[in-house]
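This chain uses plain numbering: 1 for the first residue, then up along the sequence.
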Amino acid sequence: MLYLWIVSLLWAFSFGLIKGQLTGLDASFVAFARLLLAGLAFLPFLRLRGVDRRLAVRLALIGAVQYGLMYVTYIYSFRFLKAYEVALFTIFTPLYVTLINDAYHRRLNWFSLLATVLAVAGTAIVQQANLLSPDLTRGFLIVQISNLCFALGQVAYREVMRPHSQIRDGQIFGLLYFGGTLAAGFPALFTTPWASLNLLPNQALTLLYLGVVASAVGFFLWNVGARKVNAGTLAIFNDLKIPLAVAVSLVFFGEQADLPRLLIGGAVVLAALALNEWNVRRRSNPPQLAASTD
């Protein structure tokens, strides 16, 4: 459980750091740099013996969606939203995982749909005063694209790796980051002003933290911790990082929010997630819920 606490805190600070230090940089470049650093950190653990070429390509494609497209859209959303808003809106990811898993197995579960509606209602309560804001609407939709990319990647990875139980996750995780790096790097070729790019020391340190600490070390420790706790505890920590990130953004990064609405709407959102987690655990073939974006 200690590993999960550590990672939740690491990820909670990511939102405020991106908003405070990196929003002036091109989103594709930030995603590319972060994934490149994470991929280099995992490179020494990459073992492709016993991994056929078709599987390697599929894993790279999954990484392109789950990490590359996800991080590009996720980081771009900070141009329109506060850090705590991005953190709050990423709470839809576990709901999407459940819905996509249901669609993959050609079934429909009304509890999952109800949980999604509750989550939408909760976020509407939090942002009631800004519901007609173009920036809020645009940012919300961009975060949902990011959430869908991450959720699609999780379900696809689970299904692709199901017949390959002999392959350890750490052995091939670098392929996912490789695909993500290419997916983020391609648009960065055209959108990043390379000739005038000049990283400040604090921006370079933030990218190093996000790539090596939050992504590489964070995901590794999360996987280690996930194997040491039961499903209920893991579900709680999947949800815990969101209120932690909101609290960190308000307390440490000085963002302003309507606290009564935030508490009431946040309670509704957490109730939606609790309903979704209960629904997942009661079913015979639950999806493997991974962490939300950070």
Side-chain angles (χ1 to χ4, degrees), residues 3-23 25-46 59-78 83 86-87 90 93 143 146-147 149-154 156-157 168-185 187-188 199 202-226 237-238 240-242 244-245 248 288-294:
Y3 292 131
L4 300 182
W5 272 111
I6 292 172
V7 178
S8 295
L9 289 171
L10 290 178
W11 287 342
F13 279 89
S14 298
F15 297 89
L17 286 172
I18 293 172
K19 180 66 177 180
Q21 304 295 335
L22 303 179
T23 47
L25 299 175
D26 176 59
S28 296
F29 168 76
V30 174
F32 167 73
R34 178 175 186 171
L35 288 167
L36 178 63
L37 289 168
L40 291 174
F42 268 96
L43 189 61
F45 306 101
L46 187 63
L59 290 171
L61 289 174
I62 290 171
V65 174
Q66 185 177 359
Y67 294 114
L69 297 180
M70 179 273 288
Y71 271 137
V72 169
T73 50
Y74 162 72
I75 293 168
Y76 184 58
S77 70
F78 282 88
V86 177
T90 60
T93 302
V143 174
S146 172
N147 291 341
C149 288
F150 197 53
L152 280 168
Q154 289 183 50
Y157 180 78
R168 294 178 299 172
D169 294 326
Q171 177 183 343
I172 47 81
F173 218 70
L175 288 172
L176 293 159
Y177 281 125
F178 173 74
T181 302
L182 290 180
L199 289 179
N202 59 313
Q203 292 176 323
L205 288 174
T206 299
L207 285 173
L208 191 65
Y209 172 84
L210 293 173
V212 177
V213 179
S215 290
V217 176
F219 277 117
F220 176 76
L221 289 180
W222 185 270
N223 287 342
V224 173
F237 274 95
N238 265 296
L240 179 65
K241 73 180 67 59
I242 304 302
L244 277 177
V248 166
Q288 298 297 313
L289 294 182
S292 304
T293 52
D294 66 279

>> Can you tell me how far apart CG (L182) and OH (Y67) are? Round to the nearest 0.5 Å.
In response: 15.5 Å
> In chain order, what residues pass the side chain to side chain contact (heavy atoms under 4.5 Å, CB included) check against L36, with sequence neighbours excluded?
Replying inline: F32, L40, T181
>> Under the criterion side-chain contact (heavy atoms from CB on, under 4.5 Å), I'd like the reasoning laid out for T73 against Y76: C-alpha separation, chi angles, the key distance, then a yes or no.
In response: CA-CA 5 Å; T73 50; Y76 184 58; 5.5 Å; no
> Is the backbone of M70 close enough, under 3.5 Å, to the side chain of S146 for a donor and an acceptor to pair up by distance?
Replying inline: yes
> Sequence neighbours excluded, which residues qualify as side chain to side chain contact (heavy atoms under 4.5 Å, CB included) partners of L69?
Replying inline: V65, C149
>> Please report the interatomic distance CG(L199) to CG(L25), rounded to the nearest 0.5 Å.
In response: 6.0 Å
> Of all residues at least two apart in sequence or in a different chain, which pass the side chain to side chain donor-acceptor pair (under 3.5 Å) check with Q203?
Replying inline: none
> Do the non-hydrogen side-chain atoms of F29 and L207 ever get within less than 4.5 Å of each other?
Replying inline: yes
> Are Q154 and T93 side-chain neighbours, meaning at least one heavy-atom pair lies under 4.5 Å?
Replying inline: yes
>> In terms of relative ring orientation, are F15 and Y74 parallel, tilted or perpendicular, with 30° and 60° separating the classes?
In response: perpendicular
Below 3.5 Å, can you tabulate the donor-acceptor pairs from side chains in residues 208-219 to any protein atom, sequence neighbours excluded?
residue, atom, partner, partner atom, Å
Y209, OH, L10, O, 2.8
S215, OG, R34, NE, 2.9
S215, OG, R34, NH2, 3.4
S215, OG, Y71, OH, 3.3
S215, OG, L210, O, 3.0

> Under the side chain to side chain contact (heavy atoms under 4.5 Å, CB included) test, which residues partner L46, sequence neighbours left out?
Replying inline: L43, L48, L175
> Within a strict 4.5 Å, meaning less than it, do heavy atoms of the L17 and L22 side chains meet?
Replying inline: no
> So which heavy atom on Y177 is nearest to which on G39, and how close?
Replying inline: CB-CA, 3.7 Å
>> I'd like to check the side chain to side chain contact (heavy atoms under 4.5 Å, CB included) partners of V7; sequence neighbours left out, ordered by chain and number.
In response: W11, L221, W222
>> Please give me the minimum heavy-atom distance between G68 and L35, naming the atom from each residue.
In response: CA-CD1, 3.8 Å
>> Which residues pass the ring pair (Phe, Tyr, Trp, His ring centres under 6.0 Å) test with Y157, not counting sequence neighbours?
In response: none
> Given side chains that start at C-beta, do those of V30 and I18 come closer than 4.5 Å, heavy atoms only?
Replying inline: no
>> Looking at every heavy atom in both G153 and I62, which two are closest together, and how far apart are they?
In response: O-CG2, 3.6 Å
